[in-house]
Amino acid sequence: MGIFDGKHVHGMHVVHDGPREAPPLVLIHGSGASGSSWGPVVPALASRYHVIRIDLPGHGQSAPAPSYDVPGQAASLAAALDELGLRPVTVAGHSSGGYIATALAEQRPDLVGSLALISSGPSPDALLPQPLFLRVLIAPPLGPLLWRVRSDAMLRRGVTAVCNRPVDVPDDLVAEVRGIGYRTFRTVLRQNGAYIAERSLPARLTALDVPVLVIFGAADPRWDPSSAHQYDTVPNSRVEQLPDVGHFPMLEAPEATGELLLHFAATAR
């Protein structure tokens, strides 16, 4: 695969895969996850690209941050990419990682050459009623209590609750999810909602001159799958829906997801 190393840059844990001389592809995880959530698609991507996985503040092996607003996280990401000397990059974001990727392109168009959004809800009205297990785990009064006693089985169930296909949840993802604090997670969810409530993702992307790939699971239980077509209005965009796939295409359909990302990264440059 080339290289694999990890270090902290501006407080964020960064892992590299693939040859450093290859075009850079940055992967941003969603809320309550870590860079390990991309594990099943990394080998295919790293065969052609310098893959950079970043743990956002308060997630995985990254330190907590004073604030978790989306623009602030994007600014921290930009600082890390500047220190690594990477530009322009293709950025792929899963779920709310797509919001960080979009905010990065808004702030620093010199850094972002193309954007791929995977299971990123376009607007608040597209949010579906969440699975009961997640509602109990996240919301008071039981949420804070259950959060402190989460077992590995509970953590795996938290991931599979939003999947439509059986998946093997990576062990390193389970270990890294355990370190996310309850208050951090709740704050991140609130800030993500504020970002798309202020202005929808399709509206933000329309204002950007950047190629966009949108990948949505046709059976996503978190966001209304039909809402993927809200992105049809975005110039220079392409929307792909994966049959029978839920909220985690990287885990549920890694081969198809990897092929879409590889083709997009190659043609969008």
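Along the sequence shown, residues are numbered consecutively beginning with 1.
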Fill in the blank from the handout: Sorted by chain and number, sequence neighbours left out, side-chain contact (heavy atoms from CB on, under 4.5 Å) with Ser123 holds for Asp125, Ala126, Ser200, Gln230

Practice task
Determine, using the 4.5 Å side-chain heavy-atom cutoff (strictly less than), whether Leu128 and Val162 are members of one ILVMFWY cluster.
Solution key: no

Handout entry: Gly35 backbone acceptor or donor facing Asp55 side chain under 3.5 Å
Key = yes

Handout entry: Check against side-chain contact (heavy atoms from CB on, under 4.5 Å), Gln61 and Ser34
Key = CA-CA 8 Å; Gln61 299 182 51; Ser34 73; over 6 Å; no

Practice task
Give, for atom OG1 of Thr187 and atom OH of Tyr182, the distance between the pair rounded to the nearest 0.5 Å.
Solution key: 10.0 Å

Problem - Pairs where residues 251-264 contributes a residue and the test side chain to side chain donor-acceptor pair (under 3.5 Å) is met, not counting sequence neighbours - result: Arg238-His263

Practice task
Might you work through the side-chain contact (heavy atoms from CB on, under 4.5 Å) test for Ile138 and Gln130, ending with a clear yes or no?
Solution key: CA-CA 10 Å; Ile138 293 172; Gln130 299 304 288; over 6 Å; no

Practice task
With sequence neighbours excluded, tell me which residues meet side-chain contact (heavy atoms from CB on, under 4.5 Å) with Pro124.
Solution key: Ile196, Ala197

Handout entry: side-chain contact (heavy atoms from CB on, under 4.5 Å) partners for Thr206, two or more places apart
Key = Val234, Pro235

Fill in the blank from the handout: Note: Leu242 and Ala256 closest approach over all heavy atoms is CD2-CB, 4.3 Å

Problem - Gap separating the OG atom of Ser36 from the CG atom of Leu173, nearest 0.5 angstrom - result: 6.0 Å

Exercise for the section: Check Ala103 against Val70 and note the closest heavy-atom contact, atom names and distance. Expected result: CB-CG1, 3.7 Å

Exercise for the section: Sort and list the pairs that fulfil side chain to side chain donor-acceptor pair (under 3.5 Å) and have at least one residue in residues 135-157, not counting sequence neighbours. Expected result: Asp152-Arg178, Arg156-Asp171

Problem - Main-chain N/O of Gly98 paired to Thr102 side chain as donor or acceptor, under 3.5 Å - result: yes

Fill in the blank from the handout: In short, side chain to side chain donor-acceptor pair (under 3.5 Å) pairs touching residues 210-221 with sequence neighbours left out are Asp220-His247

Practice task
Of all the heavy-atom pairs spanning Leu56 and His29, show the shortest one and how long it is.
Solution key: N-NE2, 2.9 Å

Practice task
To the nearest 0.5 Å, tell me how far His16 NE2 sits from Ile52 CD1.
Solution key: 6.5 Å

Problem - Under 4.5 Å side-chain linkage, directly or through intermediates, the cluster mates of Val188 - result: Tyr68

Handout entry: Distance, nearest 0.5 Å, that separates CG of Leu261 from OG1 of Thr90
Key = 9.5 Å

Practice task
Sequence neighbours left out, what pairs pass salt bridge (Lys or Arg N to Asp or Glu O under 4.0 Å) with at least one residue falling in residues 188-203?
Solution key: Glu198-Arg204

Exercise for the section: Side-chain contact test, heavy atoms from C-beta onward, threshold under 4.5 Å: evaluate it for Val15 versus Val51 and give yes or no. Expected result: no

Problem - Close side-chain approach of Arg165 to Cys163, heavy-atom, < 4.5 Å - result: no

Handout entry: Side-chain touch Phe248/Ser119, heavy atoms, less than 4.5 angstrom
Key = no

Completion exercise
Heavy atoms of Ser62 and Met12 approach each other most closely as OG-CA, 3.2 Å

Completion exercise
Tyr195 meets the side-chain hydrogen bond (donor to acceptor under 3.5 Å, both in side chains) criterion, sequence neighbours left out, with Glu106

Handout entry: Qualifying residues under side-chain contact (heavy atoms from CB on, under 4.5 Å), relative to Ser96, sequence neighbours excluded
Key = Ser31, Tyr99, Asn192

Handout entry: Spacing of Leu132 atom CG and Leu137 atom CG [to the nearest 0.5 Å]
Key = 11.0 Å

Completion exercise
Rounding to 0.5 Å, atoms CG (Leu45) and CG (Asp17) come to a distance of 9.5 Å

Side-chain donor-acceptor pairs under 3.5 Å in residues 208-218, sequence neighbours left out?
none

Exercise for the section: Check whether any side-chain heavy atom of Leu205 lies under 4.5 Å from a side-chain heavy atom of Leu117, and answer yes or no. Expected result: yes

Problem - Which atom of Ala266 lies closest to which atom of Tyr49, heavy atoms considered - result: N-OH, 3.1 Å

Problem - Contact check, side chains of Leu251 and Pro170, non-hydrogen atoms, under 4.5 Å - result: yes

Exercise for the section: Is it possible for you to say whether Phe185 and Leu145 belong to one hydrophobic cluster, with membership spreading through side-chain heavy-atom contacts below 4.5 Å? Expected result: no

Handout entry: Side-chain touch Ile54/Leu77, heavy atoms, less than 4.5 angstrom
Key = yes

Handout entry: Residue pair Leu104, Leu81: steps toward the side-chain contact (heavy atoms from CB on, under 4.5 Å) verdict
Key = CA-CA 11 Å; Leu104 177 66; Leu81 294 177; 4.0 Å; yes

Practice task
Quick one: do Thr160 and Phe133 satisfy side-chain contact (heavy atoms from CB on, under 4.5 Å)? Show the steps, please.
Solution key: CA-CA 10 Å; Thr160 59; Phe133 176 77; over 6 Å; no

Problem - Partner set under side-chain hydrogen bond (donor to acceptor under 3.5 Å, both in side chains) for Asn164, not counting sequence neighbours - result: none

Completion exercise
Scanning both residues in full, the closest heavy-atom pair of Pro24 with Leu86 reads CB-CD2, 4.2 Å

Handout entry: Test ring pair (Phe, Tyr, Trp, His ring centres under 6.0 Å) applied to His8 and His13, step by step
Key = CA-CA 4 Å; His8 286 79; His13 183 246; 5.2 Å; yes

Exercise for the section: Say whether, by atom type as modelled, one donor and one acceptor occur between the side chain of Ser237 and the main chain of Thr233 under 3.5 angstrom. Expected result: no

Handout entry: Leu25 vs His50 side-chain heavy atoms within contact, under 4.5 Å
Key = no

Exercise for the section: Verify the distance criterion only: is there a donor paired with an acceptor across the side chains of His59 and Glu176 at less than 3.5 Å? Expected result: no

Handout entry: No-hydrogen, no-angle side-chain donor-acceptor test under 3.5 Å, Ser120 and Ser95
Key = no

